[in-house]
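The first residue in the sequence is number 1, and the count goes up from there. Atoms within each ligand, like the ligands themselves, are counted from 1 in listed order. Heavy-atom basis, side chains included; hydrogens, waters and symmetry copies ignored.
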Amino acid sequence: MAAKNIKGIKILGIDTSCDDTAISVMEIRNSKFEIRSNVVSSQVKLHQKYGGVYPSLAKREHQKNLPVVFRKALRQAQGKPNDIDFIGVTNGPGLEPCLWQGINFAKDLAERLKKPIVPVNHIEAHILANLINRRPPSIMFPVVALVVSGGHTQLILMRGIGKYKLIGETRDDAAGECFDKTARILGLSYPGGPAIAKIASLGNLVSKKETKFPVSLPRPMMHQKNYDFSFSGLKTAVLYKARELKTINYKLKTELCAEIQQAIIDVLLYKTIKAAKNYKARSIILGGGVAANDELRKQFKLKIKNLKFKINFFVPGRIYCTDNAAMVAITAFYHRTQKVKNIKAQADLQI
Ligand code: KG4
Ligand code: ZN
């Protein structure tokens, strides 16, 4: 997976698929990927009062942020617009009005600089984020990749870069969405994943000697034969639990958070390992915002280490799990021959 014998290419990556405005400059030098800049302007504070992303607001913010983020990314990279060889921009999947902001910005820039554009699939970018800062790239195929974000929960069989087969996905809510919605039920802030993880970790500290997880929640679809997921039942179970308990004191809240997190991890871990066994995968890789979860990373690592067969495990650094444009630039590099003239947003783009 190395960028063999390629020198001095500079790629500008752009991602506006959801609520982060992200631009990165990546350089391939001496066959190595170097992130020259990676700027992410988060809209979290703005969307917090809605408990989730408000698309028309996100679109307006992207429009406002893009020129600022672009200048910052160039300044950090100590580069000039003309140094860029080509532009990689996410064209889906994502929120359509938001995708268009990034695409239109890329188109204007491409026209002004007379540089080509490479469209990037956001899910593939979450997978290839595993190549960032990795030396030497030792990912062996076949790979089972688990992409877990706010919009997606997918298990993908990968036989090479660009060779993907979707083997399972969520039938309703994504894992990140489940974190976000259950956090809202418990009165925690958006994004729910980090909020639940933080309270869950405090829970483990206070109730070490007491019965762990007295609150028990379902693990939907865990033992079904397929590789699909379902998280809306878990959300409903949390809603009923919260109603039944009426007042949720601090200790109960920590236990509920720990159990929500564990229920999500149990299902993701079980199905990923099952897929890896059945497809005789040589590597398991994770990607997407939920892969930033400490407990999930720890439990995957431990489980894979203790398997009877050898399998390599990869997860990007935490900042490359959540949305960023370095992953877009790296993906554009692998598809650099697929330059397009008329790029369109595709909200439901499949891998
Ligand atoms: O990949 P991402 O930044 O955006 C999408 O493509 O959706 O993922 C965002 C999701 C949110 O649902 C957020 O709650 C979740 O990732 N997330 C986490 C953590 N950090 C972000 N979930 C669990 N634990 C975390 N530490
Ligand atoms: Zn994402």
TODO: Could you tell me whether Asp173 and Lys181 make a salt bridge, using a distance below 4.0 angstrom between a side-chain N and a carboxylate O?
DONE: yes
Open item on the list: Closer than 4.0 angstrom, basic N to acidic O: yes or no for Asp294 and Arg318?
Closed with: yes
Open item on the list: Could you check whether Gln261 and Asn293, counting side-chain N and O atoms only, form a donor-acceptor pair closer than 3.5 Å?
Closed with: yes
Task: Results of side chain to side chain contact (heavy atoms under 4.5 Å, CB included) for Thr236 - residues two or more places apart only - done: Tyr240
Task: Donor-acceptor contact below 3.5 Å, side chain Glu177 vs main chain Ala174 - done: yes
Task: Heteroatom count (protein N, O or S) under 2.8 Å of the Zn ion (ligand 2) - done: 3
Open item on the list: Is it the case that atom CG in Asp348 sees more than 12 heavy atoms from other parts of the structure closer than 6.0 Å?
Closed with: no
TODO: Establish, for the pair Lys274 and Tyr227, whether the NZ or CZ atom is under 6.0 angstrom from the six-membered ring centre and no further than 45 degrees off its axis.
DONE: yes
TODO: Using the test side chain to side chain donor-acceptor pair (under 3.5 Å), find all partners of Gln101 that sit at least two apart in sequence or belong to another chain.
DONE: none
Task: Residue pair Met158 / Phe141: nearest heavy atoms and the distance that separates them - done: O-CD2, 3.5 Å
TODO: With a 4.0 angstrom cut-off on heavy atoms, strictly below it, pick out the residues next to ligand 1 and order them by chain and number.
DONE: His122, His126, Ser149, Gly150, Gly151, Gly176, Phe179, Asp180, Pro191, Gly192, Gly193, Pro194, Gly288, Gly289, Val290, Ala292, Asn293, Cys321, Thr322, Asp323
